[in-house]
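Step one of this worksheet: look at the structure below.
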There are 2 protein chains.
Amino acid sequence: MKRRRRFSDVLSRLKAAGLRPTRQRLALAELLFVGGDRHVTAEALYVEARAADIRVSLATVYNTLHQFTSAGLMREVVVDPGRSYFDTNSSDHHHFFFEESGVLRDIPGESVSLHGVPPPPPGTAISRVDVIVRVRNTQRSD
Amino acid sequence: MKRRRRFSDVLSRLKAAGLRPTRQRLALAELLFVGGDRHVTAEALYVEARAADIRVSLATVYNTLHQFTSAGLMREVVVDPGRSYFDTNSSDHHHFFFEESGVLRDIPGESVSLHGVPPPPPGTAISRVDVIVRVRNTQRSD
DNA sequence: GTGATTGCAAATCTTTTGCACTAAA
DNA sequence: TTTAGTGCAAAAGATTTGCAATCAC
(Lines give C-alpha, C1' and ligand atoms only; values in the text may rest on other atoms or scores of the structure.)
Protein backbone atom coordinates (compact mmCIF):
# COMPACT_ATOMS: atom_id res chain seq x y z
CA MET A 1 0.00 0.00 0.00
CA LYS A 2 2.81 2.36 -0.70
CA ARG A 3 0.71 4.34 -3.02
CA ARG A 4 -2.04 4.72 -0.46
CA ARG A 5 0.47 5.74 2.21
CA ARG A 6 1.92 8.42 0.04
CA PHE A 7 -1.47 9.71 -0.75
CA SER A 8 -2.55 10.03 2.83
CA ASP A 9 0.76 11.63 3.81
CA VAL A 10 0.28 14.26 1.20
CA LEU A 11 -3.35 14.64 2.11
CA SER A 12 -2.66 15.32 5.75
CA ARG A 13 0.13 17.64 4.81
CA LEU A 14 -2.22 19.79 2.78
CA LYS A 15 -4.87 19.68 5.45
CA ALA A 16 -2.38 20.66 8.11
CA ALA A 17 -1.42 23.62 5.97
CA GLY A 18 -5.04 24.66 5.65
CA LEU A 19 -5.12 24.03 1.93
CA ARG A 20 -8.14 22.36 0.44
CA PRO A 21 -6.93 19.06 -1.02
CA THR A 22 -8.00 19.40 -4.60
CA ARG A 23 -7.10 16.94 -7.31
CA GLN A 24 -4.41 19.25 -8.72
CA ARG A 25 -2.83 20.10 -5.39
CA LEU A 26 -2.75 16.47 -4.36
CA ALA A 27 -1.15 15.42 -7.61
CA LEU A 28 1.43 18.18 -7.59
CA ALA A 29 2.20 17.63 -3.92
CA GLU A 30 2.78 13.96 -4.59
CA LEU A 31 5.22 14.79 -7.37
CA LEU A 32 6.98 17.31 -5.21
CA PHE A 33 7.15 15.71 -1.79
CA VAL A 34 7.56 12.05 -2.52
CA GLY A 35 11.15 11.04 -2.96
CA GLY A 36 13.48 13.56 -1.45
CA ASP A 37 14.26 17.21 -1.85
CA ARG A 38 13.53 18.82 -5.14
CA HIS A 39 14.17 22.14 -6.83
CA VAL A 40 11.75 22.98 -9.58
CA THR A 41 10.74 25.85 -11.76
CA ALA A 42 7.06 26.34 -12.48
CA GLU A 43 7.55 25.49 -16.11
CA ALA A 44 9.51 22.33 -15.33
CA LEU A 45 6.91 21.11 -12.87
CA TYR A 46 4.20 21.84 -15.39
CA VAL A 47 5.94 19.75 -18.03
CA GLU A 48 6.51 16.96 -15.54
CA ALA A 49 2.90 16.99 -14.45
CA ARG A 50 1.65 16.80 -18.00
CA ALA A 51 3.99 13.93 -18.69
CA ALA A 52 2.51 12.16 -15.68
CA ASP A 53 -0.99 12.65 -17.06
CA ILE A 54 -1.94 15.18 -14.46
CA ARG A 55 -4.40 17.56 -16.00
CA VAL A 56 -3.39 20.96 -14.75
CA SER A 57 -2.76 24.37 -16.22
CA LEU A 58 0.44 26.38 -15.97
CA ALA A 59 -1.42 29.10 -14.10
CA THR A 60 -2.48 26.59 -11.49
CA VAL A 61 1.07 25.34 -11.16
CA TYR A 62 2.18 28.89 -10.41
CA ASN A 63 -0.65 29.41 -7.97
CA THR A 64 0.01 26.11 -6.26
CA LEU A 65 3.73 26.70 -5.87
CA HIS A 66 3.04 30.06 -4.29
CA GLN A 67 0.37 28.64 -2.03
CA PHE A 68 2.70 25.87 -0.87
CA THR A 69 5.37 28.48 -0.27
CA SER A 70 3.07 30.73 1.74
CA ALA A 71 1.98 27.72 3.74
CA GLY A 72 5.61 26.98 4.61
CA LEU A 73 5.72 23.70 2.72
CA MET A 74 8.25 25.04 0.22
CA ARG A 75 10.71 27.83 -0.19
CA GLU A 76 11.39 30.11 -3.10
CA VAL A 77 15.04 30.38 -4.09
CA VAL A 78 16.20 33.32 -6.16
CA VAL A 79 19.40 32.58 -8.02
CA ASP A 80 18.70 33.15 -11.65
CA PRO A 81 17.58 36.43 -13.11
CA GLY A 82 14.24 35.89 -14.79
CA ARG A 83 13.35 32.54 -13.31
CA SER A 84 12.18 31.33 -9.93
CA TYR A 85 13.06 28.05 -8.29
CA PHE A 86 10.95 26.41 -5.64
CA ASP A 87 12.55 24.12 -3.10
CA THR A 88 10.68 21.33 -1.35
CA ASN A 89 13.08 21.61 1.54
CA SER A 90 11.74 24.49 3.59
CA SER A 91 14.13 24.08 6.49
CA ASP A 92 17.13 26.28 7.05
CA HIS A 93 19.82 25.41 4.52
CA HIS A 94 21.85 26.75 1.62
CA HIS A 95 22.58 26.03 -2.03
CA PHE A 96 25.07 25.23 -4.69
CA PHE A 97 23.99 26.71 -7.99
CA PHE A 98 25.52 25.24 -11.12
CA GLU A 99 25.55 28.18 -13.46
CA GLU A 100 25.88 26.29 -16.73
CA SER A 101 23.15 23.75 -16.12
CA GLY A 102 20.86 25.75 -13.88
CA VAL A 103 20.86 22.93 -11.33
CA LEU A 104 20.43 23.69 -7.65
CA ARG A 105 21.73 21.43 -4.88
CA ASP A 106 21.17 21.67 -1.16
CA ILE A 107 23.90 22.39 1.35
CA PRO A 108 22.72 21.36 4.83
CA GLY A 109 22.19 24.33 7.10
CA GLU A 110 24.28 22.88 9.91
CA SER A 111 27.35 22.41 7.78
CA VAL A 112 27.82 26.11 7.15
CA SER A 113 28.57 28.65 9.81
CA LEU A 114 28.47 32.37 9.31
CA HIS A 115 30.21 34.93 11.47
CA GLY A 116 30.35 38.67 11.49
CA VAL A 117 27.06 39.51 9.86
CA PRO A 118 26.33 43.05 11.06
CA PRO A 119 23.13 43.54 13.02
CA PRO A 120 20.21 44.73 10.91
CA PRO A 121 19.16 48.37 11.31
CA PRO A 122 16.81 49.27 14.17
CA GLY A 123 13.22 48.47 13.40
CA THR A 124 14.18 45.56 11.22
CA ALA A 125 14.88 41.89 11.78
CA ILE A 126 16.57 39.23 9.72
CA SER A 127 13.99 37.07 8.04
CA ARG A 128 16.41 34.74 6.35
CA VAL A 129 20.03 34.40 5.33
CA ASP A 130 20.70 32.84 1.97
CA VAL A 131 24.10 31.51 1.06
CA ILE A 132 24.43 30.73 -2.61
CA VAL A 133 27.60 29.06 -3.77
CA ARG A 134 27.84 29.62 -7.49
CA VAL A 135 29.76 26.93 -9.27
CA ARG A 136 31.06 26.63 -12.81
CA ASN A 137 32.64 23.87 -14.82
CA THR A 138 36.38 23.91 -14.82
CA GLN A 139 36.85 22.61 -18.34
CA ARG A 140 36.28 24.61 -21.48
CA SER A 141 32.67 25.15 -22.27
CA ASP A 142 32.87 27.40 -25.37
CA MET B 1 37.86 71.00 -12.41
CA LYS B 2 36.00 68.35 -10.56
CA ARG B 3 33.79 67.72 -13.48
CA ARG B 4 36.70 67.27 -15.82
CA ARG B 5 38.40 64.92 -13.38
CA ARG B 6 35.35 62.75 -13.11
CA PHE B 7 35.06 62.65 -16.83
CA SER B 8 38.59 61.49 -17.40
CA ASP B 9 38.34 58.92 -14.61
CA VAL B 10 35.34 57.43 -16.24
CA LEU B 11 36.90 57.68 -19.66
CA SER B 12 39.98 55.75 -18.67
CA ARG B 13 37.87 53.25 -16.84
CA LEU B 14 35.95 52.46 -19.98
CA LYS B 15 39.08 52.37 -22.09
CA ALA B 16 40.77 50.05 -19.63
CA ALA B 17 37.78 47.75 -19.90
CA GLY B 18 38.02 47.75 -23.67
CA LEU B 19 34.70 49.52 -24.11
CA ARG B 20 34.42 52.23 -26.71
CA PRO B 21 33.62 55.42 -24.80
CA THR B 22 30.41 56.46 -26.43
CA ARG B 23 28.33 59.35 -25.23
CA GLN B 24 25.79 57.03 -23.58
CA ARG B 25 28.33 54.82 -21.86
CA LEU B 26 30.22 57.82 -20.55
CA ALA B 27 27.10 59.45 -19.21
CA LEU B 28 25.81 56.28 -17.57
CA ALA B 29 29.22 55.47 -16.15
CA GLU B 30 29.40 58.89 -14.63
CA LEU B 31 26.04 58.43 -12.98
CA LEU B 32 27.02 55.02 -11.73
CA PHE B 33 30.60 55.39 -10.60
CA VAL B 34 30.77 58.90 -9.24
CA GLY B 35 29.81 59.09 -5.62
CA GLY B 36 30.03 55.76 -3.93
CA ASP B 37 28.56 52.35 -4.31
CA ARG B 38 25.20 52.03 -5.95
CA HIS B 39 22.62 49.36 -6.58
CA VAL B 40 20.37 50.02 -9.53
CA THR B 41 17.81 48.29 -11.64
CA ALA B 42 17.83 48.96 -15.35
CA GLU B 43 14.53 50.75 -15.15
CA ALA B 44 15.66 52.96 -12.26
CA LEU B 45 18.87 53.91 -14.02
CA TYR B 46 16.92 54.68 -17.14
CA VAL B 47 14.59 57.03 -15.27
CA GLU B 48 17.52 58.67 -13.55
CA ALA B 49 19.34 59.16 -16.82
CA ARG B 50 16.35 60.76 -18.46
CA ALA B 51 15.93 63.06 -15.50
CA ALA B 52 19.56 64.09 -15.94
CA ASP B 53 18.92 64.91 -19.60
CA ILE B 54 20.89 61.99 -20.85
CA ARG B 55 19.38 60.85 -24.11
CA VAL B 56 19.44 57.10 -23.97
CA SER B 57 17.02 54.25 -24.58
CA LEU B 58 16.01 51.58 -22.11
CA ALA B 59 17.47 48.92 -24.40
CA THR B 60 20.82 50.68 -24.31
CA VAL B 61 20.68 50.89 -20.53
CA TYR B 62 20.20 47.13 -20.39
CA ASN B 63 22.98 46.56 -22.88
CA THR B 64 25.30 48.91 -21.07
CA LEU B 65 24.70 47.36 -17.66
CA HIS B 66 25.47 43.94 -19.07
CA GLN B 67 28.56 45.19 -20.84
CA PHE B 68 29.82 46.82 -17.67
CA THR B 69 29.12 43.61 -15.81
CA SER B 70 30.95 41.46 -18.37
CA ALA B 71 33.84 43.86 -18.21
CA GLY B 72 34.04 43.42 -14.45
CA LEU B 73 33.08 46.99 -13.66
CA MET B 74 29.83 45.93 -12.01
CA ARG B 75 28.17 42.90 -10.57
CA GLU B 76 24.70 41.54 -11.00
CA VAL B 77 22.88 40.73 -7.80
CA VAL B 78 19.92 38.38 -7.89
CA VAL B 79 17.64 38.83 -4.91
CA ASP B 80 14.24 39.60 -6.26
CA PRO B 81 12.29 37.30 -8.53
CA GLY B 82 11.57 39.16 -11.72
CA ARG B 83 14.03 42.00 -11.35
CA SER B 84 17.80 42.35 -11.63
CA TYR B 85 19.97 44.63 -9.59
CA PHE B 86 23.36 45.84 -10.71
CA ASP B 87 25.97 46.78 -8.16
CA THR B 88 28.76 49.25 -8.85
CA ASN B 89 30.86 47.53 -6.23
CA SER B 90 32.35 44.57 -8.05
CA SER B 91 34.64 43.49 -5.25
CA ASP B 92 33.93 40.58 -2.97
CA HIS B 93 31.17 41.50 -0.56
CA HIS B 94 27.65 40.66 0.54
CA HIS B 95 24.23 42.26 0.93
CA PHE B 96 21.36 43.20 3.10
CA PHE B 97 18.14 43.11 1.18
CA PHE B 98 15.21 45.04 2.60
CA GLU B 99 12.26 43.05 1.40
CA GLU B 100 9.62 45.71 1.81
CA SER B 101 11.44 48.53 0.09
CA GLY B 102 13.56 46.56 -2.34
CA VAL B 103 16.66 48.38 -1.13
CA LEU B 104 20.02 46.66 -1.23
CA ARG B 105 22.90 47.57 1.08
CA ASP B 106 26.48 46.34 1.02
CA ILE B 107 28.03 44.25 3.74
CA PRO B 108 31.82 44.43 3.45
CA GLY B 109 33.33 41.12 2.39
CA GLU B 110 35.87 41.09 5.22
CA SER B 111 33.28 41.43 7.93
CA VAL B 112 31.66 38.11 7.17
CA SER B 113 33.36 34.77 7.49
CA LEU B 114 31.98 31.53 6.21
CA HIS B 115 32.99 28.09 7.39
CA GLY B 116 32.03 24.63 6.39
CA VAL B 117 31.04 25.17 2.79
CA PRO B 118 31.45 21.73 1.20
CA PRO B 119 33.90 21.49 -1.69
CA PRO B 120 32.29 21.76 -5.10
CA PRO B 121 32.01 18.56 -7.14
CA PRO B 122 35.02 17.46 -9.21
CA GLY B 123 35.28 19.33 -12.47
CA THR B 124 33.75 22.42 -10.99
CA ALA B 125 35.01 25.44 -9.13
CA ILE B 126 33.34 28.07 -7.02
CA SER B 127 32.88 31.21 -9.03
CA ARG B 128 31.32 33.25 -6.30
CA VAL B 129 29.63 32.97 -2.94
CA ASP B 130 26.70 35.26 -2.33
CA VAL B 131 25.41 35.90 1.14
CA ILE B 132 22.07 37.64 1.16
CA VAL B 133 20.68 38.75 4.48
CA ARG B 134 16.99 39.31 3.99
CA VAL B 135 15.57 41.86 6.36
CA ARG B 136 12.02 42.91 7.17
CA ASN B 137 10.48 45.67 9.18
CA THR B 138 9.62 44.72 12.73
CA GLN B 139 6.54 46.90 13.07
CA ARG B 140 3.23 46.21 11.45
CA SER B 141 3.16 46.87 7.78
CA ASP B 142 -0.29 45.62 6.79
C1' DG C 1 34.98 54.64 -44.74
C1' DT C 2 34.08 50.65 -41.62
C1' DG C 3 32.72 48.28 -37.89
C1' DA C 4 30.79 49.11 -33.31
C1' DT C 5 26.91 51.21 -31.02
C1' DT C 6 22.36 53.04 -30.56
C1' DG C 7 17.27 53.66 -30.78
C1' DC C 8 13.03 52.07 -31.60
C1' DA C 9 9.59 48.87 -31.94
C1' DA C 10 8.52 44.31 -32.00
C1' DA C 11 9.32 39.95 -30.02
C1' DT C 12 10.16 36.85 -26.18
C1' DC C 13 9.81 34.98 -21.70
C1' DT C 14 8.10 34.50 -17.18
C1' DT C 15 4.52 35.40 -14.21
C1' DT C 16 -0.06 37.33 -12.96
C1' DT C 17 -4.91 38.30 -13.54
C1' DG C 18 -10.02 38.31 -14.86
C1' DC C 19 -13.71 35.63 -15.25
C1' DA C 20 -16.81 31.87 -16.33
C1' DC C 21 -16.82 27.08 -14.92
C1' DT C 22 -16.09 23.21 -11.63
C1' DA C 23 -15.44 20.99 -7.45
C1' DA C 24 -14.93 20.65 -2.28
C1' DA C 25 -17.25 21.19 2.10
C1' DT D 1 -25.73 25.56 -1.60
C1' DT D 2 -21.75 28.32 -0.86
C1' DT D 3 -17.14 29.34 -1.36
C1' DA D 4 -12.67 28.05 -2.85
C1' DG D 5 -10.13 26.49 -6.74
C1' DT D 6 -9.23 25.86 -11.75
C1' DG D 7 -8.51 26.70 -16.75
C1' DC D 8 -7.98 29.58 -20.35
C1' DA D 9 -6.73 33.40 -22.63
C1' DA D 10 -5.40 37.91 -22.14
C1' DA D 11 -2.48 41.17 -19.68
C1' DA D 12 1.53 42.65 -17.46
C1' DG D 13 6.39 43.09 -16.52
C1' DA D 14 11.14 42.57 -17.46
C1' DT D 15 14.42 41.79 -20.79
C1' DT D 16 16.15 40.80 -25.52
C1' DT D 17 16.46 41.26 -30.43
C1' DG D 18 16.36 42.87 -35.45
C1' DC D 19 17.59 46.32 -38.20
C1' DA D 20 18.31 50.89 -40.10
C1' DA D 21 20.51 55.07 -38.60
C1' DT D 22 24.51 57.05 -36.17
C1' DC D 23 28.93 57.44 -34.09
C1' DA D 24 33.91 56.42 -32.84
C1' DC D 25 38.15 55.54 -34.71
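Protein chains get the first letters and strands the later ones, always in sequence-line order, with residue 1 at the start of each.
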Next on the checklist: Strictly below 4.0 Å: does B:Tyr62 bring a side-chain N or O up to OP1 or OP2 of D:dT16?
Outcome noted: no
Checklist entry - Can A:Arg13 and A:Glu30 be counted as an ion pair, charged N to O under 4.0 angstrom? => result no
Next on the checklist: Can you give me the bend angle of the helix from C:dG1-D:dC25 to C:dA25-D:dT1? Use the axis through the first five pairs and the one through the last five, nearest 10 degrees.
Outcome noted: 30°
Next on the checklist: Output the rounded distance in Å from CZ (B:Phe68) to C1' (C:dT5).
Outcome noted: 13 Å
Checklist entry - Do the charged groups of A:Arg128 and A:Glu76 touch, with an N to O distance under 4.0 Å? => result no
Checklist outcome for this item: In whole angstroms, the gap separating C1' of D:dT6 from CD1 of A:Ile54 amounts to 15 Å
Item to check | Value in whole Å for how far the P atom of C:dT14 lies from CD of A:Glu76 | outcome: 15 Å
Checklist entry - Heavy atoms under 4.0 Å, any strand shown: does A:Ser84 hit a base, just sugar-phosphate, or nothing? => result sugar-phosphate
Checklist entry - Once you round it to whole Å, what is the distance between P of D:dG5 and CG of A:Leu28? => result 14 Å
Checklist outcome for this item: Among the nucleotides C:dG7, D:dT17, C:dT15, whichever has the atom closest to the side chain of B:Gln24 is C:dG7
Checklist entry - Atom OH of A:Tyr46 to atom P of C:dT15: distance rounded to whole Å? => result 14 Å
Checklist entry - Rounded to whole angstrom units, what separation is found between the CG atom of B:Asp80 and the C1' atom of C:dT14? => result 14 Å
Checklist entry - Between D:dT15, C:dT15, C:dG7, which nucleotide has the shortest distance from any of its atoms to the side chain of B:Thr60? => result C:dG7
Checklist entry - What's the CZ-P distance between A:Arg83 and C:dC13, to the nearest Å? => result 12 Å
Next on the checklist: Using the ring centroid of each side chain, check whether B:Phe86 and B:His66 are separated by less than 6.0 Å.
Outcome noted: yes
Item to check | A:Tyr85 side chain vs A:Gly102 backbone, donor-acceptor pair below 3.5 Å | outcome: yes
Next on the checklist: From CD of A:Gln67 over to P of D:dA4, roughly how many Å is that when rounded to an integer?
Outcome noted: 13 Å
Checklist outcome for this item: Quick note, A:Leu58 side chain, CB onward, closest among C:dT15, C:dT6, D:dG7 is C:dT15
Checklist entry - On DNA chain C, nearest-nucleotide positions of B:Arg25 versus B:Gly82: which is more 5'? => result B:Arg25
Identify each atom pair where a protein N or O and an N or O of nucleotides 23-25 of chain D are less than 3.5 Å apart, giving names and distance.
none

Checklist entry - On DNA chain D, nearest-nucleotide positions of B:Asn63 versus A:Arg50: which is more 5'? => result A:Arg50
Checklist entry - When A:Leu32 is tested against each of A:Leu45, A:Asp87, A:Asp37, A:Val10 for side chain to side chain contact (heavy atoms under 4.5 Å, CB included), which residue passes? => result A:Leu45
Item to check | Nucleotide of D:dT15, C:dC8, C:dT14 approaching B:Ala59 most closely (side-chain heavy atoms) | outcome: C:dC8
Checklist entry - If you measure from the Lys or Arg side-chain nitrogens to the Asp or Glu carboxylate oxygens, is any gap between B:Arg55 and B:Asp53 under 4.0 Å? => result no
Item to check | Check: B:Ser127/A:Glu99 side-chain N/O donor and acceptor closer than 3.5 Å | outcome: yes
Checklist entry - Between B:Tyr85 and A:Arg55, which has a closest nucleotide on DNA chain D that is more 5'? => result A:Arg55
Next on the checklist: Counting only side-chain nitrogens and oxygens, does A:His66 get under 4.0 Å of the OP1 or OP2 atom of C:dT16?
Outcome noted: yes
Checklist entry - Between B:His39 and B:His93, what is the ring plane arrangement, given parallel below 30°, perpendicular above 60°, and tilted in between? => result tilted
Checklist entry - Given the rule that I, L, V, M, F, W and Y join up when any side-chain heavy atoms are under 4.5 Å apart, are B:Ile132 and B:Val103 in one cluster? => result no
Checklist entry - Please walk me through it: do B:Arg25 and B:Leu19 pass side chain to side chain contact (heavy atoms under 4.5 Å, CB included)? => result CA-CA 9 Å; B:Arg25 285 182 185 157; B:Leu19 293 170; 3.9 Å; yes
